[in-house]
Every structure is written in structure tokens, then in C-alpha cells.
Amino acid sequence: MSIEKKTMEMIGLIKSTPEFKNAKNLKNRILQDRNLTAMIKNFQSEQDNLYKRNLPPNQMEAEMKKIADNFERISSRTIIKDYAEAMQQVQEMIYQSNMTILESIDKELNI
């Protein structure tokens, strides 16, 4: 079986986890609320505008932190916070899977 097919199988496994299903459910609930959707789109727009400014790395990082902190503050009492936490769980699962693959390959190659 090809790597691409195995990758698609792994994606299917991830999508079948309770963590992914929870994140998807929360996202669907957010998209049904105009105010919450507008909050997310505004956040993404602010990020896009910041990227277009071509700031030096340190300034870019500081400005991004301001945007993220502001978004976190205004969304902390909404379902958006729950969605962000759910996505972190999914991303952690993917990260751990990737690390297991890399460690196995490194071990096999004696790196």
C-alpha cells in the first residue's frame, strides 16, 4: 500500500476520534452564530493585514501577540474558547503521531 493511501487511512482514524468530532461539532455551532463567525473572520482579517505589512520578525511577533491576546480576551466567554481547546487536542494528537513516526525512523537509521 502506498504512503498516500496510508496517510488517508490515518486521516480517517483522526476524524473518527472523539476529539476531532468534538472540534467539528463546536465549529459547526460557531458557524451557525453570525456574531461568533464575524469575530473569527475579524481575527483572521487582522492576521492577514498584519502579514501584509512585512514587519521585522520581532515586531511581527509582538503585533501578533497583541491580536491573539485581544481575540482571546473577547472570546474567552464563548464557544470559540472551547473550539480552540478542542483543536489543540486534535493538533496534539497529530503532533504525537508525527513524533512517533520520526522517532521510529531515526531509531531504524541509527540517527
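Just the heavy atoms: all of them, side chains too, but no hydrogens, waters or symmetry mates, feed the values below. Every value quoted in this text rests on a predicted model; they were computed, and no experiment measured them.
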Okay, side chain of [X], backbone of [Y]: is any donor-acceptor separation there less than 3.5 Å?
| X | Y | result |
| --- | --- | --- |
| Thr17 | Phe20 | yes |
| Ser104 | Thr100 | no |
| Ser45 | Lys41 | no |
| Thr37 | Gln32 | no |

Looking at [atom1] of [X] and [atom2] of [Y], how far apart are the two atoms once the value is rounded to the nearest 0.5 Å?
| X | Y | atom1 | atom2 | answer |
| --- | --- | --- | --- | --- |
| Met93 | Leu13 | CE | CG | 10.0 Å |
| Ile14 | Ile94 | CD1 | CD1 | 4.5 Å |
| Lys6 | Glu9 | NZ | CD | 4.5 Å |
| Leu36 | Leu26 | CG | CG | 11.0 Å |

Donor-acceptor contacts, no H, no angles, side chain residues 58-71, under 3.5 Å, sequence neighbours left out:
{"from": "Glu63", "atom 1": "OE2", "to": "Lys66", "atom 2": "NZ", "distance (Å)": "3.4"}
{"from": "Lys65", "atom 1": "NZ", "to": "Asp69", "atom 2": "OD2", "distance (Å)": "2.9"}
{"from": "Asn70", "atom 1": "OD1", "to": "Arg73", "atom 2": "NH2", "distance (Å)": "2.4"}

### Task
Begin from the C-alpha positions of Phe43 and Met39 and carry the test side-chain contact (heavy atoms from CB on, under 4.5 Å) through to its verdict.
CA-CA 6 Å; Phe43 173 70; Met39 286 171 61; over 6 Å; no
### Query
side-chain contact (heavy atoms from CB on, under 4.5 Å) between Lys15 and Ile11: does it pass, once the steps are laid out?
CA-CA 6 Å; Lys15 288 181 176 182; Ile11 291 169; 3.7 Å; yes
### Query
Just one of Asn25, Thr78, Ile80 clears the side-chain contact (heavy atoms from CB on, under 4.5 Å) bar with Ile30, so which one?
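Of all the options given, the one that passes is Ile80.
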### Message
If you define the side chain from C-beta out and look only at heavy atoms, does anything of Met99 sit under 4.5 Å from Glu103?
### Response
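A side-chain contact under 4.5 Å exists here.
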### Task
Please step through side-chain contact (heavy atoms from CB on, under 4.5 Å) for the pair Glu85 and Gln89, ending with a clear verdict.
CA-CA 6 Å; Glu85 290 171 357; Gln89 290 176 344; 5.9 Å; no
### Residues Glu46 and Asn42: side-chain donor-acceptor under 3.5 angstrom
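There is such a pair between these side chains.
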### Message
Checking Glu19 against Asn22 for the side-chain contact (heavy atoms from CB on, under 4.5 Å) test, could you report, in this order, the C-alpha distance in whole Å, the side-chain angles of both residues, the deciding distance, and whether it holds?
### Response
CA-CA 5 Å; Glu19 293 87 353; Asn22 182 43; 5.9 Å; no
### Step-by-step side-chain hydrogen bond (donor to acceptor under 3.5 Å, both in side chains) determination, Glu92 to Gln96
CA-CA 6 Å; Glu92 179 63 26; Gln96 290 300 325; 2.7 Å; yes
Going only through I, L, V, M, F, W and Y residues with side-chain contacts under 4.5 Å, is there a path from [X] to [Y]?
| X | Y | result |
| --- | --- | --- |
| Tyr51 | Leu55 | yes |
| Ile40 | Ile74 | yes |
| Ile101 | Leu109 | yes |

### Query
For Ser76 and Lys81, which heavy atoms make the closest approach, and how far apart are they?
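Minimum heavy-atom contact is O-CD, 3.3 Å.
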